[in-house]
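Okay, so here's the structure we're looking at.
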There are 2 protein chains.
Amino acid sequence: MRETLFHQQLQFTRSFKKKLNEKLSTVGLFHSQWLLIYCMKKQQPVTLVEISNYLDVEKPTISRTVKRLEEQGLIEEVPSLDKREKRMHLTRKGEESYEEAQRIVTHFETGLMKEISDQDIETTLRTIQSLREKLYEEEIN
Amino acid sequence: MRETLFHQQLQFTRSFKKKLNEKLSTVGLFHSQWLLIYCMKKQQPVTLVEISNYLDVEKPTISRTVKRLEEQGLIEEVPSLDKREKRMHLTRKGEESYEEAQRIVTHFETGLMKEISDQDIETTLRTIQSLREKLYEEEIN
DNA sequence: CGAAAATAGTTACCTAGATAACTATATACC
DNA sequence: GGTATATAGTTATCTAGGTAACTATTTTCG
């Protein structure tokens, strides 16, 4: 198995998403749909561009996932003064899904981190953040 | 921005893959295709199942990417005793692509890690590996 | 030996990322 | 006020991940 940090990261996130998708299937959600719902819970109503910036995912991807969540009746549009934008918020059903999913995600994540020292978590978080910054600087060049 | 370790991980790998895809486009490769070529360089000839196990990616995904690399003339089949399996190895052109891509990837990765202490890299690597193990144990339950 | 089980790979069909090119609306500015 | 530019979102099309169900071989074992 390749020992590189980056390789390990990629492998980890693949497995992580796969596992979380399994867990979330009990609520009928996929991992990425959960992220959108999480976003909306935090800031309602929210536009697609705001979600796109927050999650750092391109607009067409957000657009597609939003459409699916709308079809599932989890989110709905809210009238806006700016006719270009599509402001969305969670429906009653969406709020319920949020609560259920939140519990699942929290349980899953805390389970994973158990037995890893706060010190190590902190170092890892800091390292990844500085790698992200580094990537962002690359962006500019 | 959400502060969770896992959220940061996902964001990082997304940006990382995006950026690496850009860099690799000069060689006409995508990040995932590079991983397959890397795999083959390390062990030739190799079967799809071996690649699947090594990269921890499901067979249909490997199957599809292999088909594309074959079409590009970077890899080719090698006769095997077991008629079920498809043993592949790099063509001359594939070897050349490997060399070019290897340079690009190494340059990109070392650039990112520069300025991060060996200590932090080491802790991060160890932490991610134990998170992966944890995920794997979950698999069993 | 012959039938059952395991293994290798493929096909069909989902979700989720990306880019490029488009429409519609809003803003800037001469 | 009218035109140019910027912004919000969508559509089309690509790669890449996943599962389920299939075919074709090989192995196992009674």
Side-chain angles (χ1 to χ4, degrees), chain A residues 10-25 27-37 39 45-72 75 77-88 139, chain B residues 10-25 27-37 39 45-72 75 77-88 139:
Chain A
L10 297 179
Q11 303 286 73
F12 170 73
T13 55
R14 235 199 330 267
S15 305
F16 178 85
K17 282 197 277 186
K18 194 170 165 181
K19 201 74 201 169
L20 192 48
N21 274 336
E22 270 176 47
K23 305 265 181 190
L24 285 173
S25 69
V27 205
L29 283 179
F30 286 91
H31 164 258
S32 299
Q33 299 174 342
W34 153 249
L35 282 182
L36 249 78
I37 286 181
C39 234
V46 71
T47 67
L48 303 213
V49 164
E50 285 164 356
I51 300 174
S52 172
N53 291 334
Y54 179 81
L55 294 180
D56 192 23
V57 166
E58 301 297 327
K59 288 187 300 176
T61 304
I62 302 294
S63 183
R64 192 212 288 136
T65 304
V66 158
K67 199 166 82 185
R68 282 172 192 153
L69 291 173
E70 260 182 298
E71 283 162 2
Q72 286 179 258
I75 65 181
E77 204 167 346
V78 153
S80 164
L81 287 175
D82 188 332
K83 282 186 215 153
R84 289 171 305 177
E85 43 176 52
K86 194 171 179 179
R87 292 208 100 89
M88 313 288 304
E139 216 79 5
Chain B
L10 297 177
Q11 302 286 70
F12 171 74
T13 55
R14 234 198 335 263
S15 306
F16 179 84
K17 282 198 275 187
K18 193 170 165 182
K19 201 74 200 169
L20 192 48
N21 275 336
E22 268 176 48
K23 305 264 183 191
L24 284 173
S25 69
V27 205
L29 283 179
F30 284 93
H31 164 259
S32 300
Q33 300 175 340
W34 154 248
L35 282 182
L36 250 79
I37 286 182
C39 235
V46 71
T47 69
L48 302 215
V49 163
E50 285 164 356
I51 300 174
S52 173
N53 291 334
Y54 179 82
L55 294 180
D56 191 26
V57 166
E58 300 298 327
K59 288 188 299 175
T61 304
I62 302 294
S63 183
R64 191 211 290 137
T65 305
V66 157
K67 199 166 81 184
R68 281 173 191 154
L69 291 173
E70 261 182 299
E71 284 163 1
Q72 288 180 257
I75 66 181
E77 204 167 346
V78 154
S80 164
L81 286 174
D82 188 331
K83 282 187 215 151
R84 288 171 305 178
E85 45 176 46
K86 194 171 177 178
R87 292 208 100 88
M88 312 288 303
E139 217 80 2

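Note on naming: letters A, B, ... go to the chains in the order of the sequence lines (proteins, then strands), and numbering restarts at 1 for each one.
One interatomic measurement links the two molecules: CD1 of A:Ile51 to P of C:dG17, which rounds to 12 Å at whole-angstrom precision. With rounding to whole Å, B:Glu85 atom CD is found 10 Å from D:dT26 atom C1'. Counting to the nearest Å, the P atom of D:dT15 and the CG atom of B:Leu36 are 14 Å from each other. Atom C1' of nucleotide D:dT15 and atom CD of B:Gln72 are separated by 12 Å, given to the nearest angstrom. In this structure, B:Ile62 atom CD1 and D:dG18 atom C1' are separated by 12 Å, rounded to whole Å. Taking atom CG of residue A:Leu24 and atom C1' of nucleotide C:dA16, one finds them 15 Å apart after rounding to whole Å. Atom NE2 of A:His31 is separated from atom P of C:dA16 by 10 Å (rounded to the nearest Å). Following rounding to the nearest Å, A:Lys23 (NZ) and D:dG18 (C1') show an atom-to-atom distance of 17 Å.
When the side chain to side chain donor-acceptor pair (under 3.5 Å) test is applied to A:Gln72, no partner is found at least two apart in sequence or on another chain.
With values rounded to the nearest 0.5 angstrom, A:Ile37 atom CD1 is found 4.5 Å from A:Leu29 atom CG.
A salt bridge does not link B:Glu22 to B:Lys17: none of the charged nitrogens lies less than 4.0 Å from a carboxylate oxygen. B:Arg68 and B:Glu71 are not joined by a salt bridge, as no carboxylate oxygen comes within less than 4.0 angstrom of a charged side-chain nitrogen. Taking 4.0 Å as the cut-off between side-chain N and carboxylate O, A:Glu70 and A:Lys67 do not count as a salt-bridged pair.
Judged purely by atom type and a 3.5 angstrom limit, B:Arg14 uses its side chain to pair as donor or acceptor with the backbone of A:Leu55. Proximity of a side-chain donor or acceptor of A:Gln33 to a complementary backbone N or O of A:Phe30 within less than 3.5 Å is detected.
In terms of phosphate contacts, A:Ser32 brings a side-chain nitrogen or oxygen within less than 4.0 Å of OP1 or OP2 of C:dG17. Put simply, B:Lys86 has a side-chain N or O that comes within less than 4.0 Å of OP1 or OP2 on C:dT10.
For the pair A:His31 and A:Asn21, the tightest heavy-atom approach, listed with the atom from each and the gap, is N-OD1, 2.6 Å. Heavy-atom minimum distance, A:Leu48 versus A:Ser63: CD1-CA, 3.8 Å.
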Report, as a single string ordered 5' to 3', how protein heavy atoms within less than 4.0 Å touch nucleotides 18-29 of chain C: B base, S sugar-phosphate only, - not at all. BBB---BBS---
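Residue order along DNA chain C, read from the 5' end via each residue's closest nucleotide, puts B:Ser63 first among A:Lys17 and B:Ser63. Each of B:Lys67 and A:Asn21 has a nearest nucleotide on DNA chain C; the 5'-most of these lies closest to B:Lys67.
Overall bending of the helix from C:dC1-D:dG30 to C:dC30-D:dG1, expressed as the angle between end axes built from five pairs apiece, is 10° (10° steps).
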